[in-house]
Amino acid sequence: MADQVTRPDTARLVRGLNDDQVRAVQTTEGPVLVVAGPGSGKTRVLTHRIAWLLEEKGVLPDQILAMTFTNKAAREMRDRIERLAGDEIGGLWMGTFHSFGVRLLRQNPGVVADRLGLQPNFLVYDDSDQQNIVKRAIQLAGLDPRQLVPRRASSRISGAKNQMLSPKEFAASVTSHDDEVIARVYEHYARLLREANAVDFDDLLRLPIELFDRAPQVLDRYQTQFRYILVDEYQDTNRVQYVLVTALANRWRNLFVVGDPDQSIYAWRAADIRNILEFQSDYPDATRIDLEVNYRSTARIVKVADAVIRENKQRLDRKLTTTNDEGEPIALRELADQNHEAQFVVAEIRRLMQTQGLRPDAVAVMYRTTAQSRVLEEAFRVSDVPYRVVGGVKFYERKEVRDVIAVLRLLHNPSDVVSLERVIGSFAIGKGLGPKAVDTIRDWSTAYQRPISEGFIAFVEPPADADVPVPGLSGAAKTAATKVGSALARMRDGAKTATLSELFDQIVEVTGYRNAFDGSIEEEMQRWANVLELRTDLSRYDAMADPTEALAQYLEQVALVADVDTMEDDGQGQVTLITLHSAKGLEFPVVFIVGLEEGLLPISRAVEAEFQDPQPMEEERRLFYVGITRAQKMLFLTYASSRQLYGRYSPGVESRFIESIPQTALSTVSRSYPRFGNSRTSLRDRVGGAERLGGHGRGAGRYDGSQPGQSDDFSQLSPSMRAEPVAARPSQTYSAGQKVFHNKFGEGQVVGVEPRRDDQEVVVAFDRHGTKRLMASLAPLDIIA
DNA sequence: AAGAGATTTATTTTT
DNA sequence: TAAATCTCTT
């Protein structure tokens with residue numbers, strides 16, 4: 001298989017790989033482009049290649065830099081390499097682009113302060129912090145937030161940063177009045193960030209480059225260090241990432257990039273597909289390797305995916321192949337509206353669970369917009385099918401969690417205006433301070449170049465510098481500001497020596513945050529529980545010797561690791577509800593793609609832009625392609641003939657993407673409800689005789705002549721004509737004091753039972769896993785005493 | 001300063 | 001529809 005003789009102990013690194021994969025693993029020198037179709041073993045190649053470099057080539061771990069887009073991908077790769085290469089990979093530079101950027105800035109505090117004006121305690125501002133600053137910048141630019149929505153401003157600013165334009169350069173390049181306005185906002189925005197000693201996500205990629213420009217010796221050091229650079233999902237890199245990678249790889253030129261232009265779905269976020277398309281002209285000596293064998297999906301799914309993506313004009317001509325079995329037909333189903341659609345999905349899943357022992361975690365339901373998850377959730381909730389929503393409100397994004405984190409951030413970086421405003425707005429100690437009082441202190445802070453926190457602390461600790469007065473407040477405002485100042489000073493002193501969980505306790509005490517939650521309202525108690533959860537989260541850093549460093553690392557983790565998969569699994573497995581975007585990189589035996597309608601998938605904006613700019617429409621198609629190729633065994637596609645959008649029903653027209661699917665690959669086409677509205681080509685016309693109104697799905701819908709398998713007769717999958725609502729499992733009656741047993745959490749005691757709509761919520765104090773709130777109808781709880 | 005009512009506006013979101 | 005933001009009132 002391999003033309004290179006390998007040492008016996010490394011032969012295993014290429015065992016079981018196909019020829020192309022082996023080449024990708026073994027072509028270690030020079031630039032390499034791997035165009036990897038979905039399910040073609042991309043991650044395998046990346047991990048085996050790194051193991052190969054370490055073991056066969058004797059490369060030191062810290063000479064390898066591997067960059068991914070998500071923490072999840074990085075973690076997964078690290079785990080797999082560890083298993084392949086043993087655990088001598090500590091020094092490996094593997095992480096997201098952004099974490100690499102931070103690491104680089106942190107590693108060079110002196111130069112960073114000197115050349116970039118960023119103090120070592122700088123914070124990373126996330127999207128919502130950024131919005132905050134942008135709003136302020138719009139105000140300062142003397143604009144009405146109605147003539148320039150903050151969202152648009154921040155996206156334009158981000159665009160400018162991604163083209164590596166400073167506010168001045170951007171201002172110099174404007175051609176429209178619109179951009180002129182943006183330029184003014186950008187200028188203020190940049191200044192506000194610097195004053196807050198904070199950076200945004202774009203800066204994490206941009207500033208390292210700036211640093212290299214201003215301190216070439218730093219670039220030289222890293223260029224020398226990283227002999228081998230690997231980049232995952234190269235099709236999603238933007239211009240700045242491209243420049244960064246190119247600069248780093250310049251010395252050794254051992255740049256290995258993997259990607260799939262057909263899975264580029266982030267152009268709207270400045271991803272530049274040209275980076276991958278033009279790799280070979282950037283590096284004329286590049287080796288190109290195409291991975292086109294799909295090991296993931298049935299032949300039918302691969303065929304459909306290929307047929308769908310083939311319609312895009314702007315793409316490399318490639319063909320995905322597979323040696324897998326033909327598999328089941330793809331089910332296409334029209335439903336009356338979004339409720340029926342959701343019920344159909346749930347009913348099908350239950351049927352598969354019953355007839356084939358399908359596990360819920362083998363199933364994913366994918367949709368274009370997050371709003372679509374609501375009605376699906378509702379349907380899952382009333383049935384007893386467990387589910388989880390990926391990318392819902394994340395833990396660190398909850399208001400009550402952010403509030404406490406704001407205090408932590410402020411203690412770490414006293415210049416953090418955004419957090420300061422949050423502390424004043426959310427905590428009782430901030431009562432009595434309005435925008436005017438805060439402005440006074442903000443002005444003081446700007447005038448005397450002092451961190452904004454000190455403006456408050458000045459009321460209890462007069463500034464050491466005699467030239468710096470106490471901010472000019474009087475009366476009630478002064479009293480209130482003094483209160484804030486004294487609280488900040490106390491917590492600041494505490495932060496010097498306390499572990500993070502001790503600091504948490506202090507914060508809660510000093511700010512009186514506990515009292516902000518009404519113990520008699522269950523929702524508030526849940527929010528308080530989240531606050532306590534944060535304490536547990538913080539305690540993970542308690543073992544660290546240096547409290548300041550612990551706080552720094554914790555805050556960085558919060559900013560950079562939006563842990564999506566912290567979601568508890570109940571042990572039984574859950575159906576995954578997920579947007580098509582978030583589904584990239586995942587795979588499931590059974591996939592439902594819902595809402596295949598014009599205006600939804602493809603999304604209306606792409607439809608509207610179609611004739612002046614075909615790009616968005618092609619990206620929508622790629623998104624559909626990504627969805628299809630997540631499926632291993634079975635694929636269900638649904639659309640509704642009427643859908644409630646923005647509060648009103650409008651006719652649903654089946655997506656144009658459906659037309660690309662070969663009829664022979666489809667199974668069930670049936671219509672159980674009268675449709676209205678004018679549709680595109682009627683399905684009935686395309687698949688003659690498919691319709692069997694009122695039938696029971698048995699035998700219906702096999703148009704490819706295939707015979708049903710014994711154990712997984714596809715007719716079983718064929719929908720019943722009327723997806724009836726599913727009754728909730730009768731709940732047991734729980735009462736406080738009972739001992740219960742949970743599959744995952746073990747033994748515990750019921751401490752409370754609260755009525756919920758058609759259900760009960762049971763509060764259980766588990767012996768090992770703390771107190772949990774569980775829905776009576778869903779939780780696998782047994783009463784044991 | 002703070003809360004109540006009115007108005008506006010709707011993708012996707014790795015970091 | 002529903003969330004978020006704005007305006008007006010107290």
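Every chain is numbered from 1, with letters handed out A, B, ... down the list of sequences.
Other residues, nucleotides and ligands place no more than 12 heavy atoms under 6.0 Å from the NZ atom of A/Lys431. Other residues, nucleotides and ligands place no more than 12 heavy atoms under 6.0 Å from the CZ atom of A/Arg151. Enclosure of atom CZ in A/Arg605 is not indicated, since only 12 or fewer non-hydrogen atoms of other residues, nucleotides or ligands lie within 6.0 angstrom. Around the CZ atom of A/Arg315, the shell of radius 6.0 Å holds more than 12 heavy atoms that belong to other residues, nucleotides or ligands.
A/Thr43 pairs by the side-chain contact (heavy atoms from CB on, under 4.5 Å) definition with A/Thr47, A/Glu76, A/Met77, A/Arg80, not counting sequence neighbours. Applying the side-chain contact (heavy atoms from CB on, under 4.5 Å) criterion to A/Val558, with sequence neighbours excluded, gives A/Tyr396, A/Ile405, A/Tyr554.
Counting non-hydrogen atoms under 4.0 angstrom, A/Glu556 reaches nothing in the nucleic acid. Within 4.0 Å (heavy atoms only), A/Tyr266 reaches at least one base atom of the nucleic acid. As judged by a 4.0 angstrom heavy-atom cut-off over every strand, A/Asp236 is placed among the base-contacting residues. Heavy atoms of A/Leu560 sit under 4.0 angstrom from primed sugar atoms or phosphate atoms, though from no base atom. Contact annotation for A/Arg368: base contact, defined as any heavy-atom pair under 4.0 Å involving a base atom. If you check every strand for non-hydrogen atoms under 4.0 Å, A/Thr68 touches nothing.
C/dT5 and B/dT12: their C1' atoms are spaced 23 Å apart (whole Å). Between B/dT13 and C/dA4, the two P atoms lie 16 Å apart (nearest whole Å).
Note on ring orientation: taking the six-membered ring where Trp is involved, the planes of A/Tyr222 and A/Phe212 are tilted (angle from 30° to 60°).
Distance from the side chain of A/Glu620 is smallest to B/dT11 among B/dT11, B/dT13, B/dT15. If you check B/dT12, C/dA2, B/dT14 against the side chain of A/Phe69, the one that comes closest is B/dT14. Checked against B/dT15, B/dA10, C/dT5, the side chain of A/Lys135 finds its nearest nucleotide in C/dT5.
Listed pair A/Asn71 / B/dT14 fails the phosphate criterion, with no side-chain N or O lying under 4.0 Å from OP1 or OP2. The side chain of A/Thr370 contributes an N or O atom lying less than 4.0 Å from OP1 or OP2 of B/dT12. Side-chain N/O atoms of A/Thr579 include none lying less than 4.0 angstrom from OP1 or OP2 on B/dT11.
Within the structure, salt bridge (charged side-chain N to carboxylate O under 4.0 Å, His left out) contacts touching residues 236-248 of chain A (residues at least two apart or in different chains) are A/Asp236-A/Lys584.
Glycosidic conformation at B/dT11 (O4'-C1'-N9-C4 for purines, O4'-C1'-N1-C2 for pyrimidines): syn, within 90° of 0.
Remark: the A/Arg151 side chain and the B/dT13 base include a donor-acceptor N/O pair separated by less than 3.5 Å.
The interatomic distance linking A/Gln644 (CD) with C/dT1 (C1') rounds to 7 Å, in whole Å. Remark: P of B/dT15 and CG of A/Asn162 are 16 Å apart, rounded to the nearest angstrom. A straight line from CG of A/Asp127 to P of B/dT12 spans 13 Å, rounded to a whole angstrom. Rounded to whole Å, the distance from OH on A/Tyr646 to P on B/dA10 is 8 Å. When rounded to the nearest whole Å, the span between CD of A/Gln131 and P of B/dT13 equals 16 Å. Protein atom CZ of A/Arg269 is 9 Å distant from nucleotide atom P of B/dT15, rounded to whole Å. A/Asp202 has its CG atom 13 Å from the C1' atom of B/dT13, to the nearest Å. A/Asp337 has its CG atom 15 Å from the C1' atom of C/dT1, to the nearest Å.
Residue-nucleotide stacking is present for A/Trp268 and B/dT12, judged by a side-chain ring centre under 5.5 Å from the six-membered base ring centre and planes under 30° apart.
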Would you be so kind as to tabulate the donor-acceptor pairs closer than 3.5 Å made by side chains of residues 473-481 of chain A, with sequence neighbours excluded?
from, atom 1, to, atom 2, distance (Å)
A/Thr479, OG1, A/Gly475, O, 3.0

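The residues A/Asp79 and A/Arg75 are annotated as not salt-bridged, no charged nitrogen and carboxylate oxygen being separated by less than 4.0 angstrom. The existence of a salt bridge linking A/Arg409 and A/Asp129 is confirmed by a sub-4.0 Å separation between a basic side-chain nitrogen and an acidic carboxylate oxygen.
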Legend entry - Pair assignment for DNA chain B - dot-bracket with | for other-strand partners, Watson-Crick or G-U under 3.5 Å: ||||||||||.....
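In terms of position on DNA chain B, the residue among A/Leu204 and A/Leu623 whose nearest nucleotide sits closer to the 5' end is A/Leu623.
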Each nucleotide N or O in nucleotides 1-3 of chain B that has a protein N or O under 3.5 Å away: list the pair and distance.
from, atom 1, to, atom 2, distance (Å)
B/dA1, OP1, A/Gly434, N, 2.5
B/dA1, OP2, A/Pro435, N, 3.4

